[in-house]
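Here the structure is a predicted model, which means the values were calculated and not measured. Just so we're on the same page: letters track the sequence lines, and every chain starts at 1.
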2 protein chains.
Amino acid sequence: MADAEADARTPRERYRAQVRTEIKGHAWEQIATAGASALSLNAIAKQMGMSGPALYRYFASRDELITELIRDAYRSLAETLRTASGTGAGLAGLAHALRGWAREDPQRYFLIYGTPVPGYHAPEDITGIADEIMKTLLDACTALAPDGPPSPFDAHLEDHRDWAAGHPAPPTALHRALTFWTRLHGVLSLELAGHFTNMGFDRDLFFAAELDDLLAHRA
Amino acid sequence: MADAEADARTPRERYRAQVRTEIKGHAWEQIATAGASALSLNAIAKQMGMSGPALYRYFASRDELITELIRDAYRSLAETLRTASGTGAGLAGLAHALRGWAREDPQRYFLIYGTPVPGYHAPEDITGIADEIMKTLLDACTALAPDGPPSPFDAHLEDHRDWAAGHPAPPTALHRALTFWTRLHGVLSLELAGHFTNMGFDRDLFFAAELDDLLAHRA
DNA sequence: AAAATTTAGTTAGAGGTTATCACGCACCCG
DNA sequence: CGGGTGCGTGATAACCTCTAACTAAATTTT
């Protein structure tokens, strides 16, 4: 969890960066145990032994802190997937990396893919990270041999591939990337939210089955 | 939106029920426009022209109000699906009913399937409604002809079918019900959260494609 | 080195929230 | 028509975010 802003020039900046990451550490702890809506700047300050308003030297508002956490979550996910992509394990490797990352801290996953708050819009640079995530996903999908003729929806995607940001993936790969995303999110999100808890079946097996179907896609 | 508790015996109970539903009405309004975490009892009271603590005559706490809203959301979804099931449109009908219901009020959908708050556990009777939803889903899946030999995961489900609550669905139907749920939730959840907004493709077409794949499932 | 500036942290306070309490008043039932 | 029941009130406590004014310390400039 080495923070990028830990190595700064002047001692002042070093200290400032260190306090910022310590604040974020306590914030993550609170989020993991009580959810993002229960995050309290006051409580964080108390934990750090200083009084409330001091935190406003480091984050302009509660929303800015949360935005920063969202940014870090995106960065962490992007790095996890990039690493998994580097091992050459393909789409399946990406899937298991995603699931591992999500189960490691469910609330972090929900910070990205959970209930949206109606007013909120993520800052521009975050969509950049999201694009990188999509890129590694598209890479893995392109690596798979195209299996069968493009479906009608594949053709539609071919005509609306702006979101691929110039990635040279064939239309079937575009489609597979999309379904990879939505299907795994479907399983994962319900699993993490505890909707499977009294259902008795094996979550690992179900995820694996869903992944298999995703990989063994015929035309 | 006729509430079940609207027709009560004594005038007192009638009035009480009416006020309760009016409170819930304002609550839904707030949730739709600002999300559940921004729901404020105080604001509701102000809207209704009475002062804060009065609402505690009708709901013991903010949590109890939200729980009641969740209950109503489940009931509404169950009824919607039951109705769709009655029209004989099959699984596809259920899918479109689900999507229509979700898009009608995204925050209501997320109240059920969105980010879980770590401490919270839904009361017993809500799981009963969830069971009914699963039942109508299993009915529709059973109505479809079983297509091919059961997969290994189908076999696993056959051994862990407690969640089906005695429903006589064949294992392939159990599996299809599960994937229907998770896959459509995956698409729907990301769509409602706005993750598709700048991607250019047609959400209706994508949903239809995902549904087609779900229905045309080979072995 | 001393002075000036920047920055961290403090307390006080405004305005918001949930929730409890004690009280008055009105309604409904016997 | 009297008396219990229940509704709504204001006051209050304990939180919350966030602003403002001030102190003290560290850094930078002269």
Side-chain angles (χ1 to χ4, degrees), chain A residues 5-31 33-70 111 117-120, chain B residues 5-31 33-70 111 117-120:
Chain A
E5 53 192 340
D7 50 339
R9 326 188 124 56
T10 83
R12 265 247 150 99
E13 280 172 347
R14 287 175 74 95
Y15 176 77
R16 186 177 176 77
Q18 180 185 332
V19 174
R20 269 180 75 101
T21 66
E22 189 182 345
I23 293 173
K24 291 200 273 185
H26 288 286
W28 279 120
E29 209 170 312
Q30 282 193 16
I31 287 181
T33 64
S37 65
L39 193 156
S40 157
L41 293 193
N42 239 326
I44 293 177
K46 211 161 277 181
Q47 282 177 11
M48 295 180 61
M50 55 189 194
S51 239
L55 292 201
Y56 287 81
R57 293 275 168 198
Y58 301 93
F59 294 95
S61 70
R62 195 187 111 123
D63 268 19
E64 192 189 288
L65 171 57
I66 292 184
T67 294
E68 189 64 28
L69 296 178
I70 294 177
L111 218 50
V117 11
Y120 185 81
Chain B
E5 53 192 342
D7 49 339
R9 327 186 126 53
T10 83
R12 268 255 156 92
E13 282 171 346
R14 287 175 77 95
Y15 177 75
R16 184 177 176 78
Q18 181 185 332
V19 174
R20 269 179 74 101
T21 68
E22 188 181 347
I23 293 173
K24 291 200 274 185
H26 288 286
W28 279 121
E29 210 170 311
Q30 282 192 17
I31 287 181
T33 64
S37 65
L39 193 157
S40 157
L41 294 192
N42 236 328
I44 293 177
K46 211 161 277 180
Q47 281 178 12
M48 295 180 60
M50 56 189 191
S51 237
L55 293 201
Y56 287 82
R57 293 276 171 200
Y58 301 93
F59 294 94
S61 70
R62 196 187 107 115
D63 268 20
E64 193 188 287
L65 171 57
I66 293 185
T67 294
E68 188 64 28
L69 296 178
I70 295 177
L111 218 49
V117 12
Y120 184 81

Could you write nucleotides 2-17 of chain C as a row of B, S and -, 5' to 3', where a protein heavy atom under 4.0 Å of any base atom gives B, of only sugar-phosphate atoms gives S, and otherwise -? -----SBBBBB----S
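Spacing between atom CZ of B:Phe59 and atom P of C:dA19 amounts to 13 Å, rounded to whole angstrom units. Atom pair B:Arg20:CZ and D:dC7:P shows a separation of 11 Å (rounding to whole Å applied). Put simply, CG on B:Leu55 is 9 Å from P on C:dT18, counting in whole angstrom units. Taking atom CD of A:Glu13 as the reference point, atom C1' of D:dA26 lies 14 Å away to the nearest angstrom. For the pair A:Tyr56 OH and D:dC16 P, the computed distance is 11 Å after rounding to whole Å.
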Pair A:Trp28-A:Leu111, side-chain contact (heavy atoms from CB on, under 4.5 Å): steps then yes or no: CA-CA 11 Å; A:Trp28 279 120; A:Leu111 218 50; 3.5 Å; yes
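Of all heavy-atom pairs between B:Gly35 and A:Pro118, the closest is N-CG, 3.5 Å. When all heavy atoms are compared, the tightest approach of A:Glu64 to A:Tyr58 is OE2-O, 4.4 Å.
Note that the CD1 atom of A:Ile31 and the CG atom of A:Leu69 stand 5.0 Å from one another [nearest 0.5 Å]. Atom OH of B:Tyr56 is separated from atom CZ of B:Arg62 by 9.5 Å, given to the nearest 0.5 angstrom.
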Under 3.5 Å, which donor-acceptor pairs link side chains of residues 36-48 of chain B to any protein atom two or more places apart or in another chain?
{"residue": "B:Ser40", "atom": "OG", "partner": "B:Asn42", "partner atom": "N", "Å": "3.4"}
{"residue": "B:Ser40", "atom": "OG", "partner": "B:Ala43", "partner atom": "N", "Å": "2.9"}
{"residue": "B:Gln47", "atom": "OE1", "partner": "B:His26", "partner atom": "ND1", "Å": "2.6"}

